Amino acid sequence: MHIAFYAPLKAPTHSVPSGDRRVARLLMQALELAGHRVELASGMRSLDAAGNPENQRVFQSIGAAQAKLLLAQWQGRPLGERPELWLTYHLYYKAADWIGPQVCSQLGIPYVACEASHAPKRAFGPWQHAHESVTAAIAQADLLLAPTSEDIACLKMVAGAGARIERLPPFLDQAPFVEAALGRTQARAELAAAGALDLSQPWLLAVGMMRPGDKLASYRELASALEHLLDLSWQLLVVGEGAARNEVRELLERAAPGRAKFLGLRQAEEMPAVYAAADLCVWPAVNEAYGMALLEAQAAGLPVVACARRGVPEVVRHGESGLLVPGGDTLAMAFALRTLLTDPERMQQMGAAAVSYVRREHSIDGAAAKLDLLLRQVVPGRTQSVSLQAKP
């Protein structure tokens, strides 16, 4: 099947690493693994973070122009070379899809949205125009794919009568993380040499962009939790960059003087070795949909300590692959960290269980098979699934 792919919040080709970019790339990889041809329809970013109605109208105008160009391009191709389906990843009121619905209506192809969310509280206010566009796109969709159960209730409020809403759990390609874990000793030695780290101490790992808002709030909670662990031996590795870097550094240095080692921004291909070198992943996950970094850490054999917010319990198995605590309870987070830091055997057992859990519940192979089945059901004449292509 020929699939047109679009990610309005951040294109898979965007230069700045992020969880959103990783998921977009993984979706394309899973579709290709299932034997489909994936064409990136547009790199247009429609993010309106501030809520400016004029910006939204500008994006709408640009989107209409891009839709016109795509239609002219695709309608000029033979029928067998045109996209048979459009898939938009991460559709919400701050990043509306101003292109896909128009193209699908004109070409008569199904519109599919993965990780779409409907926020009724945005029906009035600065994002009203984008909210209305998102609502219309969800109503037009033939298939809505939700990574967690959180958004399903709101999607049901506006989905069309014939639309299907299906769970597609977050997933990843575990192979690079498993391979990195096998080389843990070398990865740990190289990171220690580069960052003047103490090999004899446990390494906690926090992965998150340093920007104002929810990310900074997560770092603030992390710092508060770490203040209660100064009697134990540990070091904190921090991966991330952003406009709030100075405030993050001040927070962590004040909470745990000399304990935090900042590794800066790392590309996706560097991260498996970083995860493998650490002992434990920690992240409060303030207002995160689920947290790809938590899934990646487990894939590399790290247990996770996080807050049971939003979709986090759907990517971390409490008591098996990590420990989850109530959101905002930094004392509980400190206690969970202490529990594992003082019990290395349990920490190792949870790390091994995390690898199995990700393989069982969040593999790219499983996602590819489910995507293939669901997408073929919404494309006329595409009812038979094909076998997954073998990995190179």
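Each residue takes its place number in the sequence, starting with 1. Predicted, not measured: the structure shown is a model, and the values here were computed from it.
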Chemist: Do the charged groups of Asp214 and Arg220 touch, with an N to O distance under 4.0 Å?
Modeler: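 Answer for the salt bridge query: no.
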Chemist: Using a strict threshold of under 4.0 Å (side-chain N to carboxylate O), is an ion pair present between Asp365 and Arg359?
Modeler: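 Looking at Arg359 and Asp365, the cut-off is not met.
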Chemist: State plainly whether the residues Arg211 and Glu241 are in salt-bridge range, i.e. N to O under 4.0 Å.
Modeler: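 So Arg211 does not pair with Glu241 through a salt bridge.
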Chemist: Take atom CD of Gln186 as the centre, draw a 6.0 Å sphere, and report whether it contains more than 12 heavy atoms from other residues, nucleotides or ligands.
Modeler: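 Counting other residues, nucleotides and ligands, CD of Gln186 stays at 12 neighbours or fewer.
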Chemist: Are Trp127 and Tyr93 close enough that their ring centres sit under 6.0 Å apart?
Modeler: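 Ring centroids of Trp127 and Tyr93 are less than 6.0 Å from each other.
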Chemist: Pick one: which of Tyr357, Phe171, Tyr290 meets ring-ring contact (aromatic ring centres under 6.0 Å, His included) with His362?
Modeler: Tyr357
Chemist: Check for me, please, whether Leu251 and Phe262 land in the same ILVMFWY cluster - side-chain distances under 4.5 Å, paths through other members count.
Modeler: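 Yes; Phe262 is reachable from Leu251 via cluster members.
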Chemist: Can you confirm whether Glu179 is buried at CD, in the sense that more than 12 heavy atoms of other residues, nucleotides or ligands lie under 6.0 Å from that atom?
Modeler: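 No - once you tally the heavy atoms of other residues, nucleotides and ligands closer than 6.0 Å, there are 12 at most.
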Chemist: More than 12 heavy atoms of other residues, nucleotides or ligands under 6.0 Å from CD of Gln267: is that the case?
Modeler: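 Atom CD in Gln267 is packed in, count exceeds 12.
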Chemist: Got Leu40 and Pro12 here, is their nearest side-chain heavy-atom distance under 4.5 Å?
Modeler: yes
Chemist: Please check if any side-chain donor atom of Glu39 sits under 3.5 Å from a side-chain acceptor atom of His2, or the reverse.
Modeler: yes
Chemist: Would you say the side chain of Leu229 lies within less than 4.5 Å of the side chain of Arg259, judging by non-hydrogen atoms?
Modeler: no
Chemist: How far apart are the C-alpha atoms of Asp142 and Trp86, what are their side-chain angles, what is the distance that settles it, and do they pass the side-chain contact (heavy atoms from CB on, under 4.5 Å) test?
Modeler: CA-CA 10 Å; Asp142 299 89; Trp86 179 289; over 6 Å; no
Chemist: Give a yes or no on whether Tyr92 and Ile138 share a hydrophobic cluster (residues Ile, Leu, Val, Met, Phe, Trp, Tyr; joining criterion: side-chain heavy atoms under 4.5 Å apart).
Modeler: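 As far as the 4.5 Å side-chain criterion goes, Ile138 and Tyr92 are not connected within one cluster.
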Chemist: Are any side-chain N or O atoms of Lys261 and backbone N or O atoms of Ala192, one a donor and one an acceptor, separated by less than 3.5 Å?
Modeler: no
Chemist: Looking only at heavy atoms, which two atoms of Glu150 and Glu314 are closest? And how far apart?
Modeler: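 Nearest pair, atom of Glu150 first, then Glu314: N-OE2, 4.4 Å.
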